Amino acid sequence: MRNPRRADFPLLAANPELHYLDSAATSQKPRVVLDAMRDYYERDNANPHRGAYDLSVRATERYHDARATIARFLGVADPDCLLFTRGTTESLNLVATAWGYANINAGDEIIVTALEHHANFVPWQQLAFARGARFVVCPLTSDERVDLDALRALVSSRTKVVAFSHVSNAVGTVNPVQEMAAIARAVGALVVCDGAQGAPHLRVGFDALDVDFYAFSGHKMCGPMGIGGLIGRRDILEAMPPYQFGGDMIEFVRDDHSTWNVLPHKFEAGTPNVADAVGLAAACTYLDGIGMDDVLAHERALTALATERLSHIEGIRVYGPPPAGRSGVVSFTMSDIHPHDLATILDQNGVCIRAGHHCAQPLMRRLGVSATARASFYVYSDERDVDALVLALDKARVLFAEPATSR
Ligand code: C6P
């Protein structure tokens, strides 16, 4: 039986034989999200914060309400500390640029981990290079978890930032955020968490996580592409200079100086992306209806099943910790078959997976591979997706074995 939740997702409902196993790249969108965005455009569309007329006031309210809903979903008591951005990449660049250039100096150290997506690696690396700071990469254990002993040994009074992901996109490792934050806090470092793969799959509870910044992308959590956010601590956001300048983010502009609007507007220059904020809020309400504990339990069950079934296929190696320490990601290689070839064969069998370095080249280098194949599950995945994956991999194994056996 197919997962009844597939009926909520028009693309999946229209393609019953499609096995979409690339949700870590982007999730499918439920009808409630598409309807909410259409409803906004059909009934309330205007430029918010600007017009004195009722329609613009309604648009402003929809934007405001969306922020409040998303903040509640992510456990942020003060919605003004949730800034809308285009997504995780922009959020992390915002912190590294606005906070980084004001606070990082020669001789300081910035620590990231070897698990990071390039979006939480390169902005810090480039900031360090530009400011004459030291860029340090914390190593991993043999099963791709952050080596906490190594992190404890690396931090010092010179450490100004510790940046790490909530969940690895490449191998699925769920990091112990509070424990890592405590290690960073002990030396007074800023704690930045890349939640691109956390917010869609786990109960975030920002206020209890004890991090300074948390970045996320709407499109990975049933929301539209083009919107995400950065949650920050109020005192830090207020002290930070703006990231971009323009409309909405100013208080007064004079010839000789300008002053800034209050949070969150100070960091949201220009016309905001209201429809996508409304869509993302509908996505949060949808996920809330399922319950994030059930979301994770469902993904973990499929991850465990897939890992177990893959272990019986000759030549497969699965990366990352055991399924209980991972989200819905199964990252693997199969003998010396290139992951892109695997992905092509799987596609011919209706199975969509991602193959490549997953924007985590430093991790791939440490794994000793240039790429992996990655299957990732979400709320609409089911056992038939796992069956299809296993069947298609078996076909690939036979196909690629033929030349060798016929020789
Ligand atoms: N990972 C994947 O297939 P954006 O592109 O800004 O929405 O998210 C960037 C990003 C940052 N951190 C992590 C941990 C991520 O997984 C991603 C996006 C996609 O794994 C595309 S590379």
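We count ligands from 1, going down the list as the structure has it; atoms in each ligand are counted the same way. Treat the numbers as computed from the prediction; the structure is a model and nothing was measured.
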Margin query: So, taking the atom named OG1 in Thr85 and the one named CG in Asn273, what distance separates them when rounded to the nearest 0.5 Å?
Written below: 10.0 Å

Margin query: Only heavy atoms of Ser217, strictly under 4.0 Å: list the atoms of ligand 1 that pass.
Written below: 4 (P), 6 (O), 7 (O), 8 (O)

Notebook entry, point to check: Among the heavy atoms of Ala24, does any lie under 4.0 Å from an atom of ligand 1?
Noted result: yes

Check: Of Pro139, Cys138, Ser165, which is the lone residue that meets side chain to side chain contact (heavy atoms under 4.5 Å, CB included) with Val146?
Finding: Cys138

Next item on the list: Among all protein heavy atoms, pick out the one at the shortest distance from atom 15 (C) of ligand 1; state its residue, atom name and that distance to 0.1 Å.
Entry: His117 CD2, 3.4 Å

Note to self: To the closest 0.5 Å, what do you measure between CG (Asp54) and CG (Asp44)?
What the structure shows: 9.0 Å

Item checked: Heavy atom of the protein closest to atom 9 (C) of ligand 1 (residue, atom name, distance) -> Thr89 OG1, 3.4 Å

Checklist line | Nearest-neighbour protein heavy atom for atom 14 (C) of ligand 1, which is reported as residue plus atom name and distance | finding: Asp194 OD2, 3.4 Å

Item checked: Atom pair CZ/SG of Phe216 and Cys193 - distance to nearest 0.5 Å -> 12.5 Å

Next item on the list: From atom 22 (S) of ligand 1, work out which of Arg374, His358, Arg354 has a heavy atom at the shortest distance.
Entry: Arg354

Next item on the list: Find all atoms of ligand 1 within a distance of less than 4.0 Å from any non-hydrogen atom belonging to His219, and give their numbers and elements.
Entry: 7 (O)

Note to self: Checking the side chain of Asp347 only, and the main-chain atoms of Ala343 only, is there a donor and an acceptor separated by less than 3.5 Å?
What the structure shows: no

Check: In the protein, which heavy atom is nearest to atom 16 (O) of ligand 1, and how far is it?
Finding: Gln197 NE2, 2.7 Å

Check: Any side-chain donor paired with an acceptor under 3.5 Å for Thr333 and Tyr319?
Finding: yes

Check: Does some non-hydrogen atom of Lys220 fall short of 4.0 Å from ligand 1?
Finding: yes

Checklist line | Check: Asn47 main-chain N/O paired with Ser56 side-chain donor or acceptor under 3.5 Å | finding: yes

